[in-house]
*Asks:* 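I'd like to ask you about the structure that follows.
Every chain is numbered from 1 and lettered A, B, ... according to where its sequence line falls, protein lines coming before strand lines.
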Number of protein chains: 2
Amino acid sequence: MAKQGRRTEVLEAAIRLFSARGYHGTSVREIADALGMGSGSIYAHIESKEDLLFEVVDQAAERFVTAVRPIAGGPGPAAGKLRQALIAHAEVVAASRDAATVFLHEWKALSPERRAAVAAKRDAYEELYAGIIRQGVAEGRFRAVDEKFARLLVLSAGNWLYEWYDPAGPMGPAEVAERFADLILQGLQRKETGRGRPSV
Amino acid sequence: MAKQGRRTEVLEAAIRLFSARGYHGTSVREIADALGMGSGSIYAHIESKEDLLFEVVDQAAERFVTAVRPIAGGPGPAAGKLRQALIAHAEVVAASRDAATVFLHEWKALSPERRAAVAAKRDAYEELYAGIIRQGVAEGRFRAVDEKFARLLVLSAGNWLYEWYDPAGPMGPAEVAERFADLILQGLQRKETGRGRPSV
DNA sequence: CCTACCGATCGGTAGG
DNA sequence: CCTACCGATCGGTAGG
């Protein structure tokens, strides 16, 4: 418990520092300093700096997949699933914003094999959204849009959250997600404007 | 011309390397190597590594603002401007993807003063989109959505482009931008589905 | 633009 | 978890 707890503290310090300064911009000494340790002592808890990065990135990827998978595979119409998936995504960002930042920003610093492992998880995550969109089109509730672009629009909004969302701010993650979901589902343009084709 | 051309080569090498490995992950020696120079010789062209980063980031920011400002300030309905702005944005990414990556990824590595200068340009850029959206709402062509979220949705799609868009791929930047614009303007959901409120 | 070099810092190890 | 230390590499400078 003590050793396990200390290891968690090392992870948490790494998340904070990697998020703020980047992987290459953070030294092992800085992580050790944050815990009041000597710079060599940290190797009692980790094997290498890159192991630490992988653990942070992989855990973050896992959190997203775990949160959204049951929604995508669950019952109900696609629009509701899309809304719930976005809420779940935003909640993960709100709860682990620094880890999400490291996941999205620093995976390139991993070795090729580990990068591939993370890419596989990210692909699996994106496929959850693709499935929801295909379902909506198949149900006839969504327009027959290109699935790839609909998925990219949703993921762009979700993935960009870490850049601007402040968990300490006035708006909760669910509220933020609902607004994006409304916009994505209903569009920016008024429906009754113009007759037939949209004005531009 | 010779010296000026060489300096441009230094910038271009820095863009490529900063984009691929990050600012802190790239050494001055690697940039010099890419140009077949000794590691000290690069200081005949630049004053410091951070100066180099600032120049790359600032130039990229300038490209986006320059491309979109005339559209936002020009004539015509908001929907058309939004479409044109997204196309212009995608064209900048297509033409300078690595520079856009450095701009969006590495600005945190700048000194506080320079970071503030870049943030000001980024804010000005975002304001261009805010203006277009306000215009659309004022015209009655856009739904009375929260301007902030509409702007964030557009910018998220645009800013995430550098992560997945391949300029060498089959789809041109204008085509990509048009698809996003259609989705954002019209929404994912069919209009005639359900009566009254959307199904979820 | 080169050669030669600077002090500082890097990730990591040894031995306790 | 500490102290002491390793070779390698860092950004940058001097003198030509």
Side-chain angles (χ1 to χ4, degrees), chain A residues 1-58 102 105-115, chain B residues 1-58 102 105-115:
Chain A
M1 187 67 187
K3 197 173 184 185
Q4 191 61 14
R6 198 58 169 157
R7 199 187 144 77
T8 302
E9 285 176 23
V10 173
L11 272 242
E12 283 167 357
I15 287 170
R16 239 179 304 121
L17 287 162
F18 288 167
S19 162
R21 305 189 218 265
Y23 174 71
H24 289 300
T26 302
S27 70
V28 168
R29 274 163 182 79
E30 287 172 310
I31 298 169
D33 278 355
L35 298 162
M37 274 181 193
S39 64
S41 305
I42 206 155
Y43 288 93
H45 302 285
I46 64 167
E47 288 180 15
S48 73
K49 189 190 175 190
E50 206 221 295
D51 279 5
L52 199 49
L53 176 62
F54 177 67
E55 208 163 324
V56 170
V57 168
D58 191 64
V102 177
H105 245 79
E106 305 296 334
W107 58 270
K108 280 184 194 167
L110 290 168
S111 67
E113 311 84 49
R114 285 172 156 177
R115 206 186 322 195
Chain B
M1 186 66 187
K3 198 173 182 186
Q4 192 62 16
R6 199 59 169 155
R7 200 187 143 78
T8 303
E9 286 176 23
V10 173
L11 273 240
E12 283 166 357
I15 287 170
R16 237 179 305 120
L17 287 162
F18 289 168
S19 161
R21 308 187 217 264
Y23 175 73
H24 289 299
T26 302
S27 70
V28 168
R29 276 164 180 78
E30 288 174 308
I31 298 169
D33 279 355
L35 297 163
M37 272 182 195
S39 65
S41 305
I42 206 156
Y43 289 92
H45 303 286
I46 65 168
E47 288 181 15
S48 73
K49 188 188 176 190
E50 204 221 298
D51 279 5
L52 199 48
L53 175 62
F54 177 67
E55 209 163 321
V56 171
V57 167
D58 192 63
V102 177
H105 244 80
E106 306 296 333
W107 58 270
K108 280 185 195 166
L110 291 168
S111 67
E113 311 84 48
R114 287 173 153 176
R115 208 187 319 199

*Asks:* Tell me the closest heavy-atom pair linking A/H45 and A/S41, and the distance in Å.
*Replies:*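 In this case the closest contact between A/H45 and A/S41 is CD2-O, 3.9 Å.
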*Asks:* Which residues pass the ring-ring contact (aromatic ring centres under 6.0 Å, His included) test with B/H105, sequence neighbours left out?
*Replies:*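 With sequence neighbours excluded, B/H105 shows a ring-ring contact (aromatic ring centres under 6.0 Å, His included) to A/H105, B/Y162, given in chain and number order.
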*Asks:* What one-letter contact string describes nucleotides 9-16 of chain C from 5' to 3', where B marks a base within less than 4.0 Å of any protein heavy atom, S marks contact via sugar-phosphate atoms alone, and - marks no contact?
*Replies:* -BBBB---
*Asks:* Mind checking who C/dA8 pairs with, Watson-Crick or G-U wobble, both distances under 3.5 Å?
*Replies:*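 Pairing partner, where one exists within any strand: D/dT9.
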*Asks:* Is there any salt bridge (Lys or Arg N to Asp or Glu O under 4.0 Å) pair reaching into residues 12-31 of chain A, and which pairs are they, with sequence neighbours excluded?
*Replies:*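 Sorted pair list: A/R21-A/E30.
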*Asks:* Starting from C1' on D/dC1, measure out to NE2 on A/H45 and report it in whole angstrom.
*Replies:*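 Checked: the NE2 to C1' distance equals 7 Å.
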*Asks:* Please determine whether side-chain contact (heavy atoms from CB on, under 4.5 Å) holds for the pair B/I46 and B/V28, giving the CA-CA distance in whole Å, both sets of side-chain angles, and the decisive distance to 0.1 Å.
*Replies:* CA-CA 11 Å; B/I46 65 168; B/V28 168; 5.6 Å; no
*Asks:* Show the numbers, then the answer: is there a side-chain contact (heavy atoms from CB on, under 4.5 Å) between B/K49 and B/Y23?
*Replies:* CA-CA 9 Å; B/K49 188 188 176 190; B/Y23 175 73; 3.6 Å; yes
*Asks:* Would you mind pulling out the nucleotide paired to C/dG16, Watson-Crick or G-U wobble, both distances under 3.5 Å?
*Replies:*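 D/dC1 - that is the nucleotide pairing with C/dG16, both distances being under 3.5 Å.
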